[in-house]
Amino acid sequence: MKPPLLEARGLSKHYPVGNRRRRAMLHAVDEVDLVIGRGECVGLVGESGCGKSTLVRLLARLIDPTAGTIVLDGADTTAVSQSRFVGMPDRARIQVVFQDPTESLNPAFRVFKAIADPLLQLLGLRDRPKLAARVHRAADLVGLPRELLTRYPHQLSGGQRARVGIARAIAVEPSLLILDEPTSALDVSVQAVILHLLADLRAALGMSYLFVSHDLNVVRLLCSRIVVMYLGRVVETAPTDVLFTAPRHPYTQALISAIPDPARRGEQRPRLDGSPRSPVDPDPKTCRFHGRCPIGTDRCTGAMPALRPFGEAHFTACHFA
Amino acid sequence: MTGQLQIDRLSLVFRTRHGAVRALEDVSLSIERGEILGVVGESGSGKSVLAYAVIGLQDPAAEVLGGRILFGGLDMLAASEQARADVRGRELAMIFQSPRTALNPIRKVGRQIEDILRQHANVSSGELRRHAINALARVRIPDPERRYHAYPFELSGGMCQRVMIAMALACSPFLLIADEPTTGLDVTTQAVIMDLIRDLSRSARMSTLLITHDLGLAGEYCDRIAVMHAGHVVEVASVEKLLDHPAHPYTQQLLGATPTPQSTIEGLTAIPGQLPDLRHDLPACRFSARCARRVAACEERPLPWVSIGPDHLVRCQVPL
């Protein structure tokens, strides 16, 4: 059997905070295991500050992990440092579409140059006609009219900028496309277009997706499996339909019951109140959700719950799941 | 019967260097006492312009071409600035998007609530602090005595929004305007904040104008919804009717493009075309260029208000 496309084991990222008198570590991502299969679309959800974006940066090798390994196609990418990885052929195999297409495009680059840049930098494609052919192909794939290639980002609409961001990422034909909130800056009418485009691209190019979003209704549409993070740790992962119909972790349950749904209008639903614990020097024996959790007991401060299997591809990190 | 707030045929343009932007045209809406009315639309549809016009904080470049805004009998557009300032903050309050930037960053949140009370409420200076702490407790901020001394940067986004709501409700207003109150907050926090706004509106019989781009959110919390497109209110109806039997083609397409817990990627439909440029000459129906049901009558002025049923109005020549 072929190994999965990407396999992260025990991935952690800690940042030093505090001052000279009191040193502390902020645990942005803690011991995360994540597997992404070939052609699979995995969703990553969680509230702001839970470490989603840090995990994205780690997986894309934009920052070095504190601990853990990332195996891409059987090869350990974490064996070399991030600064060395930049010059390696594997660099082009993982691409990221960043959150806000307005912020993440260079305002001084015309669209053509924005899409051509990764081809030049990562693949060293210097031959002008070949480069133009690749840029045109990427633009065609995302439905970007060729006459827009000479424009600057500020001359484009939000939906067109989102297409440029996607075209730039797929131009180098990556195996894994990481989408960090790709539609959160867009109106629903444009969001629908971009979601259809992403679904079609995956079918056409056979890429794997890691789709990061805070909107569960959007994640549901594209992903076959969803990973839920809370304060740097994975608390639950399950096939999409299982996660929505039978969530086992109390945080996942709260997340799903918080989705606005006119069909459940007027119902008094359990709400998750309070604020999360501090991610600075967290107690390694205390469940991160303890304090906000409706069912927490003393057991949750005695031992950190590990991910346990519940049926096929369903794992939950809760003592009482 | 006149409601708490009545907007009558309001038209507003922005005078810019690149021509007049027709931001609102012929907008009519009313809110009854204790009602939550949602105003839903995509960015650029004019929903925030409408909110700012009601509270009288519109941009200096804005010019009202016609129409009236009646708030409890007071004509807000004809009234003096002094009369409007008296109403603002006391009878008419607003909560803004991104609470952290709307609060004063260098003043304790308790003091900011006291400022409102000192300005608008008949509270003696000795009582200010107790009232401010009560206001914080009312929006279910845990440990209000301690939070009184907090600066906005010390509070989470959800907490800051609660402080905003506490400030808005400090003088028990008749009408609350909430402009995207939960955009940028987590979905779990959004649910708590929206429950809070709904419960406080209900218990105080306060009217609420909820501006949002999220049809799902409006569907769960509002009594009625007005859909805006390019400066027009295209449809107003009760939540049930609007969601189950939309009459305007735009409403139907907006519903089709909004992901719900039930939708699939195949079922999700995009809305063709984009918002028209509001600086140019516009057809009578500003949606007609994007509409598959367009007929010759769509060019006729004025654009009619068609009554589909009790409390269900739509601005379309060929409603669904």
Side-chain angles (χ1 to χ4, degrees), chain A residues 41 45-50 157-160 183-200 202 213-223 230 244-245 251 253-276 292, chain B residues 40-45 140 142 155-159 182 184-196 198 212-222 225 239-240 242-244 250 253-275 290:
Chain A
C41 182
V45 298
E47 59 193 5
S48 50
C50 78
S157 70
Q160 288 165 342
T183 60
S184 64
L186 304 174
D187 273 316
V188 283
S189 59
V190 185
Q191 169 176 277
V193 180
I194 298 296
L195 290 175
H196 277 292
L197 170 67
L198 289 170
D200 295 346
R202 195 164 68 94
S213 180
H214 66 279
D215 189 339
L216 283 146
N217 282 341
V218 170
V219 174
R220 247 190 80 246
L221 295 173
L222 284 183
C223 302
Y230 187 81
F244 275 86
T245 52
Y251 175 66
Q253 290 166 357
L255 208 54
I256 286 168
S257 100
I259 304 173
D261 186 358
R264 300 172 69 184
R265 194 177 144 66
E267 255 177 60
Q268 282 295 334
R269 292 186 243 161
R271 294 302 191 203
L272 187 62
D273 219 335
S275 7
R292 258 180 122 185
Chain B
V40 177
E42 298 182 85
S43 46
S45 62
R140 297 181 215 141
L155 301 174
S156 67
M159 256 339 140
T182 57
L185 300 182
D186 286 310
V187 61
T188 49
T189 315
Q190 164 173 284
V192 175
I193 294 289
M194 286 310 303
D195 283 359
L196 184 70
R198 182 189 57 199
T212 177
H213 64 278
D214 187 342
L215 205 46
L217 188 76
E220 183 170 344
Y221 289 99
C222 297
I225 295 180
V239 167
E240 292 80 10
L242 192 101
L243 298 183
D244 297 340
Y250 177 67
Q253 298 206 342
L254 199 61
L255 283 168
T258 306
T260 68
Q262 291 81 31
S263 53
T264 60
I265 184 82
E266 294 80 23
L268 198 70
T269 50
I271 305 176
Q274 43 192 294
L275 286 178
R290 305 171 81 180

Which region of A:Ile256, side chain (C-beta onward) or backbone (N, CA, C, O), has a non-hydrogen atom less than 4.5 Å from a non-hydrogen atom of chain B, or is it both or neither? neither
Top residue by heavy-atom pair count (under 4.5 Å) with chain A, among [options]?
options: B:Gly216, B:Ser156, B:Gly157; value: B:Gly216
options: B:Thr189, B:Val192, B:Thr260, B:Leu217; value: B:Thr260
options: B:Leu254, B:Val239, B:Leu268; value: B:Leu268

Can you tell me which of A:Arg264, A:Arg269, A:His214 forms the most heavy-atom pairs within a distance under 4.5 Å of chain B?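 It is A:Arg269.
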Among A:Val218, A:Val188, A:Val190, A:Leu222, who wins on heavy-atom pairs under 4.5 Å with chain B? A:Val188
Quick check for you: to the nearest 0.5 Å, what is the distance between [X] atom [atom1] and [Y] atom [atom2]?
X: A:Gln191; Y: B:Thr258; atom1: CD; atom2: OG1; answer: 8.5 Å
X: A:Glu47; Y: B:Leu185; atom1: CD; atom2: CG; answer: 11.0 Å
X: B:Asp214; Y: A:Asp215; atom1: CG; atom2: CG; answer: 7.5 Å

Check each atom of [X] against the heavy atoms of chain A and say whether the ones under 4.5 Å are side chain, backbone, both or neither.
X: B:Thr264; answer: backbone
X: B:Arg198; answer: side chain
X: B:Leu243; answer: side chain
X: B:Gln253; answer: neither
X: B:Pro261; answer: both
X: B:Thr269; answer: backbone

Taking all non-hydrogen atoms of both residues, which atom of [X] and which atom of [Y] are closest, and how far apart?
X: B:Ile265; Y: A:His196; result: O-CE1, 2.8 Å
X: B:Ala270; Y: A:Val193; result: CB-CG2, 3.2 Å
X: B:Val187; Y: A:Leu255; result: CG1-CD1, 3.7 Å
X: A:Arg265; Y: B:Cys222; result: NH1-O, 2.6 Å
X: B:Pro259; Y: A:Asn217; result: O-ND2, 3.4 Å

Looking at A:Gln253, I want to see if its CD is surrounded by more than 12 non-hydrogen atoms of other residues, nucleotides or ligands under 6.0 Å. yes
Strictly by modelled atom types, are B:Glu42 and A:Ser189 linked by a side-chain donor-acceptor pair under 3.5 Å? yes
So do B:Thr188 and A:Arg271 actually touch side chain to side chain, heavy atoms under 4.5 Å? no
